[in-house]
2 protein chains.
Amino acid sequence: MARIRSQDYDKKRQSILKNAALLFADRGFAGASMSNLAIQCSVSKATLYHYYENKEAILFDVLNQHINLLVVDLQAAELEGKAPAKKLFLAIDALLKSYENADDTHRALINDLQILPKQDRRKIKVGERIIVQYFTDIIIENKPELADMPEKSMPLTMSLLGMLNWHYTWFKQDGPMTREAYSKMVCDLFLGGLNSDKL
Amino acid sequence: MARIRSQDYDKKRQSILKNAALLFADRGFAGASMSNLAIQCSVSKATLYHYYENKEAILFDVLNQHINLLVVDLQAAELEGKAPAKKLFLAIDALLKSYENADDTHRALINDLQILPKQDRRKIKVGERIIVQYFTDIIIENKPELADMPEKSMPLTMSLLGMLNWHYTWFKQDGPMTREAYSKMVCDLFLGGLNSDKL
DNA sequence: CCTACCGATCGGTAGG
DNA sequence: CCTACCGATCGGTAGG
């Protein structure tokens, strides 16, 4: 017999995730209690345990869905046949757009990933590595001689990702610069530096 | 009557701070208990409350000492009379060197600053703003027309600080690139981009 | 600076 | 006999 699930099972699960990400980002994993989360979700604590085995499983799902969405959004960028510089801009912009409205989950990833047991942490890191490789490949397309210099291409990739991953700490939605304008600035800054004679 | 302090009062206080930073970075502020900390410091829990009024006061001191040291180390860099590009390199290198052995406090700053009450948070942010201004001034020295364009210089400064503040997530002490070599790479990358015709 | 505790709240689970 | 929950409370531990 097929098991029957509540009509809004997925909707409720997503609501738990959304609220958990907010709480984890706000107070940290340990500081966010299951009671807090239950109230935030307008369900009983027991209901949370119906959807998730324990608190850690919620954190894992928050981080896993976040990293999966980033990968999907990046791979949805249509780079095929574009010039290398254009590809870099599109990739940067796709990542920044994916970060939009995901500040909470981004914070949770940065702050709380290490709390997960090794096994789970490794699964998240697989997604992170895909993103790093994605950008490394585009950077190498822009400067082919880096292909055989991982000791240079790695720090360069991490520098680029540093700019993008730090963005949430200072960017204001209603500031003087749009997300897309910042994508362009980062792309120009990075490529300008990459192609200067010093590097 | 003057109160008498234990001979090693300051030494013990620093030991508490050092261990607290480690615990906060490892488990987050809420996840690090005063009991954990007492054991880590080989003192009783009551002793901790002899040195600090409460748990938040320890966090504040960790973050405050960290940010103060960063400011001091930056201001100790001898920039006087150096060329603008050289100044940028020296400032970047001073910050990265100051981060050395301070990964825990850096993590605590990123993850747990928001937990402090507004008043305390503001005190820490004063130090952060000094550092941002310090780099902005040097960037403007390297590209004077940015002086009247804060809507451009601000994102540029934050991009540079993003690279530096993200460094701890991937840098390995025994990796192929030294801290100083990375300072040089970041400096060349940033100045190369800044002086390219696109920006 | 210690042991011995407190009010409260933690993550998780019982019966129905 | 199932699922999807609820009110109440478990044994331990938190900050103080």
Side-chain angles (χ1 to χ4, degrees), chain A residues 1-17 19-63 108 111-112 114-117 120, chain B residues 1-17 19-63 108 111-112 114-117 120:
Chain A
M1 290 290 289
R3 304 225 175 153
I4 292 169
R5 278 186 170 173
S6 144
Q7 279 193 327
D8 54 358
Y9 181 89
D10 288 323
K11 208 182 274 183
K12 265 204 180 138
R13 230 179 126 97
Q14 287 303 321
S15 151
I16 293 172
L17 283 189
N19 284 300
L22 184 65
L23 276 176
F24 293 159
D26 257 28
R27 320 186 186 185
F29 178 74
S33 75
M34 292 296 272
S35 300
N36 297 152
L37 180 56
I39 293 168
Q40 199 74 209
C41 298
S42 303
V43 299
S44 75
K45 219 164 51 163
T47 301
L48 297 180
Y49 285 95
H50 172 69
Y51 285 87
Y52 288 96
E53 198 191 334
N54 53 35
K55 202 182 170 189
E56 270 182 5
I58 299 180
L59 177 60
F60 176 76
D61 210 11
V62 165
L63 303 189
N111 297 350
D112 299 325
Q114 59 184 345
I115 282 162
L116 289 179
D120 288 341
Chain B
M1 290 290 288
R3 303 224 175 152
I4 292 169
R5 280 186 169 173
S6 140
Q7 279 194 328
D8 54 358
Y9 180 89
D10 289 324
K11 208 182 271 182
K12 263 201 181 142
R13 229 179 125 98
Q14 286 303 320
S15 151
I16 292 172
L17 283 190
N19 285 299
L22 183 66
L23 276 176
F24 292 160
D26 256 29
R27 320 186 185 186
F29 178 75
S33 75
M34 292 295 273
S35 299
N36 298 151
L37 181 55
I39 293 168
Q40 199 74 208
C41 299
S42 302
V43 299
S44 74
K45 220 162 51 162
T47 301
L48 297 180
Y49 284 94
H50 172 69
Y51 284 87
Y52 288 97
E53 198 192 334
N54 53 37
K55 201 182 171 189
E56 270 182 4
I58 300 179
L59 176 60
F60 176 76
D61 210 11
V62 166
L63 303 190
N111 297 350
D112 298 325
Q114 58 185 345
I115 282 161
L116 289 179
D120 289 341

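Residue numbers begin at 1 in each chain, while the letters A, B, ... track the order of the sequences.
- Nearest nucleotide to the side chain of His50(B), out of dC1(C), dC5(D), dG12(C): dC1(C).
- Listed by first and then second residue, the salt bridge (charged side-chain N to carboxylate O under 4.0 Å, His left out) pairs involving residues 35-61 of chain B are Arg13(B)-Asp61(B) (not counting sequence neighbours).
- Checked against side chain to side chain donor-acceptor pair (under 3.5 Å), Gln40(B) has no partners two or more places apart in sequence or in another chain.
- The side chain of Tyr9(A) lies closest to dA4(D) when the candidates are dG11(C), dA4(D), dG16(D).
- For Gln14(A), the side chain to side chain donor-acceptor pair (under 3.5 Å) partners at least two apart in sequence or on another chain are Gln65(A).
- Between Val43(B) and Glu53(A), the residue anchored closer to the 5' end of DNA chain C is Val43(B), taking for each the nucleotide with the nearest heavy atom.
- The side chain to side chain donor-acceptor pair (under 3.5 Å) test applied to Ser44(A) returns Thr47(A), not counting sequence neighbours.
- Listed pair Thr47(A) / dA4(D) fails the phosphate criterion, with no side-chain N or O lying under 4.0 Å from OP1 or OP2.
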I'd like a list of close polar pairs between nucleotides 8-10 of chain C and the protein, N/O only, cut-off under 3.5 Å.
{"from": "dC10(C)", "atom 1": "OP1", "to": "Ser33(A)", "atom 2": "OG", "distance (Å)": "3.4"}

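- A stem is defined here as three or more consecutive Watson-Crick or G-U pairs, each with both distances under 3.5 Å; DNA chain D has none.
- The nearest whole Å value for the distance from the CD1 atom in Ile58(A) to the C1' atom in dG11(C) is 11 Å.
- Sorted by first and then second residue, the ring pair (Phe, Tyr, Trp, His ring centres under 6.0 Å) pairs involving residues 21-42 of chain B (not counting sequence neighbours) are Phe24(B)-Phe29(B).
- Distance OH (Tyr52(B)) to C1' (dG16(D)): 18 Å, rounded to an integer number of Å.
- Considering only side-chain atoms of Lys12(A), the nucleotide from dC5(D), dG16(D), dT13(C) that sits closest is dC5(D).
- Here Asp26(B) pairs with nothing under the side chain to side chain donor-acceptor pair (under 3.5 Å) rule; sequence neighbours left out.
- With values rounded to the nearest 0.5 angstrom, Asp120(A) atom CG is found 9.0 Å from Leu59(A) atom CG.
- Put simply, CZ on Arg27(B) and CD on Gln114(A) are 11.0 Å apart, with the number rounded to the nearest 0.5 Å.
- One atom, OH of Tyr51(B), and another, C1' of dG16(D), lie 19 Å apart when rounded to the nearest Å.
- Take Ala25(B) and apply the side-chain contact (heavy atoms from CB on, under 4.5 Å) test, not counting sequence neighbours, and it matches Asp104(B), Arg107(B).
- Distances from the side chain of Tyr49(A) to the nucleotides dC6(D), dG16(D), dT13(C) place dT13(C) closest.
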